Amino acid sequence: EAQVTQNPRYLITVTGKKLTVTCSQNMNHEYMSWYRQDPGLGLRQIYYSMNVEVTDKGDVPEGYKVSRKEKRNFPLILESPSPNQTSLYFCASSLSPAHGYTFGSGTRLTVV
Amino acid sequence: SQELEQSPQSLIVQEGKNLTINCTSSKTLYGLYWYKQKYGEGLIFLMMLQKGGEEKSHEKITAKLDEKKQQSSLHITASQPSHAGIYLCGADFRAGAQKLVFGQGTRLTINP
């Protein structure tokens with residue numbers, strides 16, 4: 001089944017403890033992206049990648065890192081999480097914008 | 001200010017009734033995407049519209065993009081409980097754009 005898989009689905013962590021949210025797609029998509037969703041602010045793009053080793057900042061990149069060492073994986077790294085990074089995170093991939101974007105099921109992160 | 005405005009923010013309709021959700025952009029769109037989200041879950045791609053005046057249908061859901069490519073509507077005919085959820089419009093504003101800008105969403109409740 002064609003899908004975008006995120007792990008974990010739920011995560012509670014403490015301030016400052018490094019964490020990684022994984023994202024993997026099995027559709028051979030070149031384009032991948034991370035979004036966060038917050039009440040009243042909607043979905044905002046964090047980082048995106050147009051292909052292997054090509055990444056760029058979205059609208060809210062502060063406090064996050066990404067890497068794209070292979071086509072299928074696009075992990076989101078929080079080096080020193082803070083409570084304002086508590087959010088619902090989505091990974092998305094696309095063959096091209098004209099083909100639409102496939103979203104993962106989301107990762108609900110709570111930083112205490 | 002929000003680049004994409006959705007209305008209404010929430011909608012409660014009786015099962016079997018028709019309904020319309022609107023998405024208005026402050027500038028000309030390149031592509032307009034409609035997604036459905038169950039609370040706290042991933043986004044399900046519904047339709048993408050790209051041409052002025054374009055209309056697409058999937059089962060009982062029809063989406064239209066106006067000629068000026070600044071407004072889209074999503075119409076559900078004979079609503080069912082399975083239609084309940086949050087409907088999001090997303091847009092990119094130029095060819096090759098690498099992010100979607102999303103509206104705030106419309107929360108749809110279907111009463112039996």
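Not measured: the values here are computed from a predicted model.
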Legend entry - Flag if over 12 foreign heavy atoms under 6.0 Å of CD1, A:Ile77: yes
Inset, instruction - Using non-hydrogen atoms and a 4.5 Å limit, figure out which bit of B:Ile44 sits close to chain A: side chain, backbone, both or neither. - result: neither
Inset, instruction - Look at atom CE of A:Met27 and say whether more than 12 heavy atoms of other residues, nucleotides or ligands are closer to it than 6.0 Å. - result: yes
Legend entry - Heavy-atom contact with chain B under 4.5 Å, split by part of A:Gln37: side chain
Legend entry - B:Lys17 atom NZ: more than 12 heavy-atom contacts under 6.0 Å: no
Inset, instruction - Identify which of B:Lys38, B:Gln9, B:Gln37 forms the greatest number of heavy-atom pairs closer than 4.5 Å to chain A. - result: B:Gln37
Inset, instruction - Kindly compute the distance separating CG (B:Leu88) from CZ (A:Phe103), expressed to the nearest 0.5 Å. - result: 8.5 Å
Legend entry - Residue A:Asp59 versus chain B: region with a heavy atom under 4.5 Å: side chain
Legend entry - With A:Tyr101, the ring-ring contact (aromatic ring centres under 6.0 Å, His included) member among B:Trp34, B:Tyr33, B:Phe45, B:Phe102: B:Tyr33
Inset, instruction - Could you tell me whether a side-chain N or O of A:Gln45 sits under 3.5 Å from a main-chain N or O of B:Val101, the two making a donor and an acceptor? - result: no
Legend entry - B:Arg107 atom CZ: more than 12 heavy-atom contacts under 6.0 Å: no
Legend entry - ILVMFWY network linking A:Met32 to A:Val60, side-chain heavy atoms under 4.5 angstrom: yes
Inset, instruction - Assess whether atom NZ of A:Lys71 is packed by more than 12 heavy atoms of other residues, nucleotides or ligands within 6.0 Å. - result: yes
